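Position 1 is the first residue of the sequence, and the numbers go up from there. Because the structure is predicted, anything quoted here is derived from the model rather than measured.
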Amino acid sequence: MREGYEGTGPGAITPDGCAVELYSRLPIGDEPDVIAAAVPAGAHILELGSGVGRMTHALLERGFTVTAVDESAEMLERVRGARTICSPIEDLDLGEKFDVVLLASFLVHAGDVEVRRGLLRTCARHLAEDGHVLIQREGADYHTNLPRERVGPNGSTIRLVSSEPVGDGVNSVRAEYEFSDAVWTQTFLARPLTPEQFEEALREAGLKVDRYLTEDEVWVRAVSG
């Protein structure tokens with residue numbers, strides 16, 4: 001388990017506190033449509049942090065080729081129809097270039113600055129000359145509009161409980177997932193980034209914003225620069 005991360009509940013728990021069975025139950029939202037509208041049809045996508053393949057499978061259905069990367073072998077066992085690679089993202093060096101590199105799930109907000117730098121360097125290292133990096137950022141009120149909850153599949157409750165500062169600009173975030181037959185929790189570290197801080201982090205890795213894809217600026221398309 002990574003320092004500052006924790007997960008509880010049935011089944012395998014990944015190093016960042018994610019429960020494999022939980023993520024197998026959670027539905028995907030409109031993210032695949034956002035991605036499909038922002039990249040060329042049929043592109044080869046390097047998906048960093050694929051988990052059980054919720055996004056992977058939706059992108060395959062839309063005609064993309066996907067290479068799915070995750071540090072959890074248990075997560076990757078649930079992925080179907082894609083090439084899978086088990087590796088920490090920040091250590092990945094495939095010696096290949098991709099039309100699209102995808103960094104979703106707010107991974108760019110990693111609490112450890114060096115991990116974040118590693119993630120973005122991996123994005124840049126695998127990006128084709130005219131390719132795109134798609135990044136999912138936290139919303140403006142992610143750490144302040146708390147607690148908040150929504151109804152999930154089969155009447156489950158998905159709740160973001162708290163976000164508490166732990167020093168050096170990092171927050172410890174706690175989430176709870178209640179199903180009729182099981183309960184999972186996850187605690188993880190996140191570093192809020194202003195738009196200026198986010199764009200500076202991209203510049204450090206040799207990337208720049210091409211455009212913000214959604215009105216809330218959660219989804220961003222970046223290019224080499």
Side-chain angles (χ1 to χ4, degrees), residues 1-9 13-19 22-23 25-31 34-35 48-51 54-55 70-71 88-90 102-120 122-123 133-153 156-178 183-205 207 209 211-222:
M1 193 67 61
R2 295 186 179 220
E3 185 176 355
Y5 294 74
E6 182 182 9
T8 68
I13 305 291
T14 68
D16 58 356
C18 294
L22 165 65
Y23 277 85
R25 297 186 183 199
L26 295 178
I28 195 68
D30 63 356
E31 295 93 340
V34 173
I35 294 165
L48 302 175
S50 66
R54 294 186 304 144
M55 189 91 77
D70 203 275
E71 67 179 347
I89 297 168
E90 57 269 33
L102 177 61
L103 188 69
S105 302
F106 314 121
L107 291 175
V108 74
H109 292 274
D112 187 325
V113 171
E114 287 306 314
V115 169
R116 183 191 71 207
R117 287 172 174 156
L119 299 177
L120 291 174
T122 294
C123 291
V133 180
L134 299 190
I135 301 171
Q136 186 180 25
R137 302 173 59 236
E138 294 173 346
D141 64 349
Y142 184 86
H143 293 272
T144 56
N145 179 25
L146 297 171
R148 63 180 182 270
E149 65 180 44
R150 60 184 175 88
V151 176
S156 60
T157 300
I158 299 170
R159 182 181 301 112
L160 201 62
V161 180
S162 60
S163 177
E164 301 294 337
V166 293
D168 190 34
V170 177
N171 291 351
S172 177
V173 182
R174 179 178 172 85
E176 298 176 350
Y177 306 84
E178 296 182 1
V183 175
W184 286 274
T185 72
Q186 183 182 9
T187 301
F188 58 93
L189 299 180
R191 181 181 294 273
L193 298 171
T194 66
E196 294 77 18
Q197 290 169 329
F198 168 71
E199 293 187 14
E200 175 58 27
L202 292 186
R203 282 193 291 272
E204 282 186 357
L207 301 169
V209 171
R211 68 182 177 95
Y212 288 91
L213 300 173
T214 52
E215 187 174 346
D216 58 11
E217 298 190 346
V218 166
W219 279 96
V220 186
R221 188 171 70 186

*Closest contact, heavy atoms only, I89 versus G49*: CD1-N, 3.5 Å
*asked:* Nearest 0.5 Å, please: how far is CZ in F106 from CZ in F188?
replied: 8.5 Å
*Within a strict 4.5 Å, meaning less than it, do heavy atoms of the W184 and Y23 side chains meet?*
no
*Check G169 against P192 and note the closest heavy-atom contact, atom names and distance.*
O-CD, 3.4 Å
*Return yes if some donor-acceptor pair links the side-chain N/O of D216 with the main-chain N/O of V218 below 3.5 Å, else return no.*
yes
*Who are the salt bridge (Lys or Arg N to Asp or Glu O under 4.0 Å) partners of E6, not counting sequence neighbours?*
none
*Which residues satisfy the side-chain contact (heavy atoms from CB on, under 4.5 Å) test with S172, sequence neighbours excluded?*
V166, T187, L189
_Counterpart residues, salt bridge (Lys or Arg N to Asp or Glu O under 4.0 Å), relative to E217 (two or more places apart)_ = none
*May I ask you to decide if A190's main-chain N or O and N171's side chain share a donor-acceptor pair within less than 3.5 Å?*
no
*Donor-acceptor pair, Q136 side chain versus S105 backbone, under 3.5 Å?*
yes
*Using side-chain contact (heavy atoms from CB on, under 4.5 Å) as the criterion, point out the one residue from I135, V133, I35 that pairs with L102.*
I35
*Is the closest side-chain heavy-atom distance between I28 and M55 below 4.5 Å?*
yes
*Kindly write out the residues that satisfy side-chain contact (heavy atoms from CB on, under 4.5 Å) with E164, not counting sequence neighbours, or none if the list is empty.*
S162
*Could you tell me which residues satisfy side-chain hydrogen bond (donor to acceptor under 3.5 Å, both in side chains) with R137, sequence neighbours excluded, listed by chain and number?*
none
*Quick one: does T122's side chain get under 4.5 Å of L103's, heavy atoms only?*
no
*Between I158 and G152, what is the shortest heavy-atom contact and its length?*
CD1-CA, 4.0 Å
*Atom pair CG (L120) and CG (L107), whose distance is rounded to the nearest 0.5 Å*: 10.0 Å
*Partners passing salt bridge (Lys or Arg N to Asp or Glu O under 4.0 Å) against R2 (at least two apart in sequence or in another chain)*: E71, E90
*With E196, which residues qualify under side-chain hydrogen bond (donor to acceptor under 3.5 Å, both in side chains), at least two apart?*
T194
Throw together a table of side-chain donor-acceptor distances under 3.5 angstrom for residues 108-119, partners on residues two or more places apart or in other chains.
| residue | atom | partner | partner atom | Å |
| --- | --- | --- | --- | --- |
| H109 | ND1 | E138 | OE1 | 3.4 |
| H109 | ND1 | R191 | O | 3.0 |
| H109 | NE2 | E138 | N | 3.0 |
| D112 | OD1 | E114 | N | 2.8 |
| D112 | OD1 | V115 | N | 3.4 |
| E114 | OE2 | R117 | NH1 | 2.5 |
| R117 | NE | E204 | OE1 | 3.0 |

*asked:* Holding to side-chain hydrogen bond (donor to acceptor under 3.5 Å, both in side chains), I want the full list of residues that pass it with T157, two or more places apart in sequence or in another chain.
replied: none
*Can you see which heavy atom on I13 is nearest to which on G7, and at what distance?*
CG2-CA, 3.9 Å
*In chain order, what residues pass the side-chain contact (heavy atoms from CB on, under 4.5 Å) check against R148, with sequence neighbours excluded?*
Y142, N145, L146, L160
*State which residues pass side-chain contact (heavy atoms from CB on, under 4.5 Å) with P147; sequence neighbours excluded, sorted by chain then number.*
none
*For Y5 against G17, the heavy-atom pair lying closest together*: CB-N, 4.5 Å
*Of all heavy-atom pairs between D70 and G51, which one has the smallest distance, and what is that distance?*
OD2-N, 2.8 Å
*With sequence neighbours excluded, residues passing salt bridge (Lys or Arg N to Asp or Glu O under 4.0 Å) with E178*: R159
